*Asks:* 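One structure is given below, represented as structure tokens, and several questions about it will come after.
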Amino acid sequence: MSESPRDAILLYIRMLNDLIIPNSFTYPCVIRACSAISEGRQVHAHVLKTGLGGDTFSLNNLIHMYVNFQSLEEARRVFNQMPSRSLVSCTTMIAGYGRSGHLDKALEVFESTPEKSSVLWNSMIAAFVQSNHLDEAFSLFERMLDEKILLDRYVAASILSACAGLGALELGKWIHSYIQSNKIKLDQKLATAIINMYCKCGCLEKALEVFNGLSYKGPSSWNAMIGGLAVHGKGKVALELFMEMEEEGVTPDQVTFLNVLNACAHSGLINEGREYFRYMKDVYGIEPRMEHYGCMVDILGRAGIICEAMEVIKEMPVNPDASVLGALFGACRIHRNIQLGEEMGREVIKLDPSNSGRYILLANLYASAGKWKEAAEVRKSMTDRGVEKVVGFSSIEFDGCINKFVAGGINHPESEVIYAKVEEMLGRIRQAGYRSDINEALHDLSEEEMETPLSYHSEKLAIAFGLLKTKPGDTIRISKNLRICRDCHCATKLVSEVFQREIIIRDRNRFHHFRSGECSCRDYW
DNA sequence: GTAGGGTTAG
């Protein structure tokens, strides 16, 4: 066995010089050793010349190689021309299409494969999950179960990741217990997926239980747990866990530090953030990447230390991307820095014109400053460019089903009862002092549309649904794809008090645990 | 002998 891919290629050349004829065992190794597409193409030609153009093993490896070099057309050509395709050929093509975002083509290969194994099902499910098409991933998973294909640890990890994405706790729990009762091997990736699912579904305690029960904790398990504590606003605990990780001799990586910085951001730990930002480089030699800079800008900007946030950007070795400037833009929004916000908003849209949220935030920022003409222009430029608005929704799981609500939506079969409940809810919190202030509505710089009355924002519908469907005292869990707005945040605090319910809302960025009239974010978000 | 899974800011 040679140590490096280079040696494999050199050995192959020596073999040719010695006139030894390569066979079907030669090429898979040689192909995997190719470090550039041009080299791979040459070997491809050799395969054909040697008369191995019909060898499934060699061709499968060629498909894999072209996929790795992101040349899907060449991969597909090999796939199309091979005399006998195996399940491996199909799986490789599907995964390749999936990773490059060609879900339609992935699905076409998937559907046209007659004998479907769990490997094939998973390649397609994972393609959906990785492209954030979670509903499709779930329905494919259902189909898989209908066809009596057993769940293995790969499919389990994919589906758990989808559950984490949508906050589907019930399904996630089911997968977890299936893993336990069927003794599915808990390897690093699966353990990480379970911990992450519980964190992202709002069950920190379950996540900790799984984490503490692991016989071996790899870096990714620590990362998932630290990241989970971070989004729940438990910054101090996250930092303690990080120190424990170091004490146990586990080497942190760039993901660890991203999560550590994020923990600082959500808990307002400014000094700690500054320290860890230096520490990662000084102690572990990890250079901050774009994401780390973005996080650092967020920590400072959110705290209102705009000058220092700008300093961080100035000191970057590369140009800041839309995400870094987006963090600064977000800070301007919170601290009502109209002038810099205007500049950042425009810059961010220039760098990433397809993100609808930024247009809306900028338009709302203008509107809040009374600059109606500019606000209209921003909105127009968005429609002119054909940028689709991301529709805000809140989802709540009940009886194994995910119920989705959009602001002002009436598509739910129980709409009438739900709206009546919203009215009752608002009535009762008004008695406790809630005012839905028109002025606040106009100046609220949320991503969601201002056209829908605040009373019918999607989370209010979801909360009303939760109050209707769950028993008194049950926790209501809601996931939302955008950020919660100020008015809903305020209303939910009061609902938690008046109805004596714990309400957990996960928004785009973090968790809000509402209890007895207060939120775990302490209004810092 | 090849193929599928996890953690990653706002």
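Order of the sequence lines sets the chain letters (A, B, ...), proteins ahead of strands, with each chain counted from 1. Keep in mind that what you see is a predicted model, and the values were worked out from it rather than measured. Below, all heavy atoms of this structure are taken into account, side chains as well, without hydrogens, waters or symmetry copies.
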*Asks:* Just checking, A:Arg486 and A:Trp525: is the charged tip under 6.0 Å from the six-membered ring centre and within 45° of the axis?
*Replies:*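 Here A:Arg486 passes the 6.0 Å and 45° test against A:Trp525.
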*Asks:* Ring of A:Phe79, cation from A:Arg85 - is the NZ or CZ under 6.0 Å from the centre and inside 45° of the axis?
*Replies:*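 Here A:Arg85 passes the 6.0 Å and 45° test against A:Phe79.
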*Asks:* Rounded off to whole Å, could you give me the CZ-to-C1' distance for the A:Arg32 and B:dT2 pair?
*Replies:*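 A:Arg32 atom CZ is separated from B:dT2 atom C1' by 6 Å.
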*Asks:* Could you check how far CG of A:Leu269 sits from P of B:dA9, rounded to whole Å?
*Replies:*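 The distance from CG of A:Leu269 to P of B:dA9 comes to 18 Å, rounded to the nearest Å.
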*Asks:* Is the A:Tyr27 to A:Tyr12 ring centre distance short of 6.0 Å?
*Replies:*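 Yes, close enough.
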*Asks:* Output yes if the stacking criterion (under 5.5 Å between centres, under 30° between planes) is met for A:Tyr154 over the base of B:dG4, else no.
*Replies:*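 Stack criterion met.
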*Asks:* To the side chain of A:Phe57, which of B:dA3, B:dT2, B:dT8 is closest?
*Replies:*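 The nucleotide sitting nearest to the side chain is B:dT2.
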*Asks:* Quick one: is A:Ser161 getting a side-chain N or O under 4.0 Å of the B:dT7 phosphate, OP1 or OP2?
*Replies:*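 For B:dT7, OP1/OP2 do have a side-chain N/O of A:Ser161 under 4.0 Å.
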*Asks:* Measuring from the side chain of A:Ala157 (C-beta onward, heavy atoms only), which nucleotide among B:dG4, B:dT8, B:dG5 has the closest atom?
*Replies:*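 Per side-chain heavy atoms of A:Ala157, the pick is B:dG5.
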*Asks:* Measure from CG on A:Leu190 to P on B:dT7 and round the result to the nearest Å.
*Replies:*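 Going from A:Leu190 (CG) to B:dT7 (P), I get 12 Å.
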*Asks:* What does A:Asp253 touch in the nucleic acid at a heavy-atom separation under 4.0 angstrom: a base, only the sugar-phosphate, or nothing?
*Replies:*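 It contacts nothing in the nucleic acid.
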*Asks:* Over how many whole Å does the gap from A:Arg85 atom CZ to B:dA3 atom C1' extend?
*Replies:*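 Rounded to whole Å, this separation is 16 Å.
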*Asks:* Do the side-chain N or O atoms of A:Gln130 get closer than 4.0 angstrom to the phosphate oxygens (OP1, OP2) of B:dG5?
*Replies:*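 So the side-chain polar atoms of A:Gln130 do come within 4.0 Å of the phosphate oxygens OP1 or OP2 of B:dG5, strictly under.
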*Asks:* Does A:Lys200 reach a base, just sugar-phosphate, or nothing at all? Heavy atoms under 4.0 Å.
*Replies:*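 Sugar-phosphate contact only - A:Lys200 comes under 4.0 Å of backbone atoms but never of a base.
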*Asks:* For A:Arg99 and B:dG4, is the shortest distance between a side-chain N/O and OP1 or OP2 below 4.0 Å?
*Replies:*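 Yes, within the criterion.
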*Asks:* Can you tell me if the side-chain N/O atoms of A:His64 get under 4.0 Å from OP1 or OP2 in B:dT2?
*Replies:*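 Checking B:dT2 against A:His64, no side-chain N or O comes under 4.0 Å of OP1 or OP2.
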*Asks:* Nearest whole angstrom, please: distance from the P of B:dG4 to the CD1 of A:Ile159.
*Replies:*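 In whole Å, B:dG4 P lies 17 Å from A:Ile159 CD1.
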*Asks:* Examine A:Lys480 relative to A:Phe393 and say whether NZ or CZ is less than 6.0 Å from the centre of the six-membered ring and inside a 45° cone about the ring axis.
*Replies:*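 No cation-pi geometry.
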*Asks:* Examine B:dT7: is either OP1 or OP2 under 4.0 Å from a nitrogen or oxygen in the side chain of A:Asn196? Give yes or no.
*Replies:*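 Yes, because at least one side-chain N or O of A:Asn196 sits under 4.0 Å from OP1 or OP2 of B:dT7.
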*Asks:* Within the 4.0 Å heavy-atom criterion, would you say A:Ser118 contacts the bases, only the backbone, or no part of the nucleic acid?
*Replies:*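 It contacts base atoms.
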*Asks:* Which part of the nucleic acid, if any, lies within reach of A:Gln188 when heavy atoms closer than 4.0 Å are counted: base, sugar-phosphate only, or nothing?
*Replies:*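 Nothing, no nucleic acid heavy atom in range.
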*Asks:* Would you mind classifying the nucleic acid contact of A:Gly294 as base, sugar-phosphate or nothing, using non-hydrogen atoms under 4.0 angstrom?
*Replies:*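 Counting heavy atoms under 4.0 Å across all strands, the contact made by A:Gly294 includes a base.
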*Asks:* Got a donor-acceptor contact below 3.5 angstrom from the A:His64 side chain to the A:Leu59 backbone?
*Replies:*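 Here the side-chain-to-backbone pair does not exist.
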*Asks:* Within the distance-only criterion (no hydrogens, no angle test), does the side chain of A:Asn481 pair as donor or acceptor with the backbone N or O of A:Val391 below 3.5 angstrom?
*Replies:*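 Yes; judged by distance alone, with no hydrogens or angles, the pair exists.
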*Asks:* B:dA9, B:dT8, B:dG5: which one has an atom nearest the side-chain heavy atoms of A:Lys189?
*Replies:*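 So the nucleotide nearest the side chain must be B:dG5.
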*Asks:* Closest approach to the side chain of A:Leu258, judged atom by atom: which nucleotide of B:dA9, B:dT7, B:dT2 is it?
*Replies:*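 Given the options B:dA9, B:dT7, B:dT2, the side chain of A:Leu258 is closest to B:dA9.
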*Asks:* Please tell me which of the listed nucleotides, B:dA3, B:dG4, B:dT7, lies nearest to the side chain of A:Ala224?
*Replies:*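 The listed nucleotide nearest to A:Ala224's side chain is B:dT7.
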*Asks:* Is a donor-acceptor pair below 3.5 Å formed from side chain A:Asp152 to base B:dG5, judging by atom type as modelled?
*Replies:*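 No such pair is found, so the answer is no.
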*Asks:* Between B:dA9, B:dT7, B:dG5, which one does the side chain of A:His266 approach most closely?
*Replies:*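 So the side chain of A:His266 is nearest to B:dA9.
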*Asks:* What is the distance, to the nearest angstrom, from the CG atom on A:Asn61 to the C1' atom on B:dT2?
*Replies:*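 Distance check: A:Asn61 CG to B:dT2 C1' gives 5 Å.
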*Asks:* Report the distance from atom CD1 of A:Ile286 to atom P of B:dT7, rounded to the nearest whole Å.
*Replies:*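 It is 19 Å, rounded to the nearest whole Å.
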*Asks:* With no hydrogens and no angle check, do the side chains of A:His133 and A:Ser131 hold a donor and an acceptor under 3.5 Å apart?
*Replies:*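 There is no such pair between these side chains.
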*Asks:* Closest to the A:Glu291 side chain: B:dT2, B:dG4, B:dA9?
*Replies:*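 Of the options given, the side chain of A:Glu291 lies nearest B:dA9.
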*Asks:* How would you label the contact of A:Asn60 with the nucleic acid (heavy atoms, under 4.0 Å): base, sugar-phosphate, or nothing?
*Replies:*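 Base contact - A:Asn60 has a heavy atom under 4.0 Å of at least one base atom.
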*Asks:* At under 4.0 Å between heavy atoms, what does A:Arg289 touch on the DNA or RNA strands: base, sugar-phosphate, or nothing?
*Replies:*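 The answer is nothing, as A:Arg289 stays clear of every strand by at least 4.0 Å.
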*Asks:* Any base atoms under 4.0 Å from A:Arg302, or only sugar-phosphate, or nothing? Heavy atoms, all strands.
*Replies:*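 Sugar-phosphate: the residue A:Arg302, judged by heavy atoms under 4.0 Å, touches backbone atoms but no base.
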*Asks:* Indicate, with a heavy-atom threshold strictly under 4.0 Å, whether A:Ala126 touches base, sugar-phosphate, or nothing.
*Replies:*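 The answer is sugar-phosphate, as A:Ala126 gets under 4.0 Å only of primed atoms, P, OP1 or OP2.
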*Asks:* Whole Å only: how far is the CD1 atom of A:Ile179 from the C1' atom of B:dG5?
*Replies:*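 About 11 Å, once rounded to whole Å.
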